Amino acid sequence: MTEFPRYEYVKLADAIAADIASGKLPQGAALPGERAMTDLYGVSIGTVRRAVVELRKRGLVATLPAKGTYVIGLPEPIGDASEESEPKA
């Protein structure tokens, strides 16, 4: 089965999420501005904006108007063992 190509904004969101998970972008850290990210990642501003929306949906960042976008959470671990270990009622 062939895998569908991922959208550029999803690739960017995944890259930023990886930086958050690794500690390169710790909680409370500000993401670079939109224009800076276009240069840093070599993508359009529309791609940056969609990636930030995706990161907000994932609960990893929050955007404060006129202040910037900040890391507020950590990515969910894949195969979280806590769900499996909890007793079922």
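All of these numbers come straight from a predicted model, not from anything done at the bench. Hydrogens, waters and symmetry mates are skipped; everything else that's a heavy atom, side chains included, is used.
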Co-membership, hydrophobic cluster, residues I45 and L12, 4.5 Å side-chain: no
L60 side chain near I72 side chain, heavy-atom distance below 4.5 Å: no
side-chain hydrogen bond (donor to acceptor under 3.5 Å, both in side chains) pairs touching residues 5-18, sequence neighbours excluded, are R6-D14, E8-K11, D14-R58
Pairs satisfying side-chain hydrogen bond (donor to acceptor under 3.5 Å, both in side chains), at least one member in residues 22-41, at least two apart: E34-R49
For the residue pair V61 and Y70, establish whether any side-chain heavy-atom pair is separated by less than 4.5 Å. no
To the nearest 0.5 Å, what is the distance between CG on L55 and OG1 on T69? 9.0 Å
Do the side chains of V71 and L31 get nearer than 4.5 Å, heavy atoms only? yes
If you round to the nearest 0.5 Å, how far is CD1 of I16 from CE of M37? 5.0 Å
With a sphere of 6.0 Å drawn around CZ of R56, does it hold more than 12 non-hydrogen atoms of other residues, nucleotides or ligands? yes
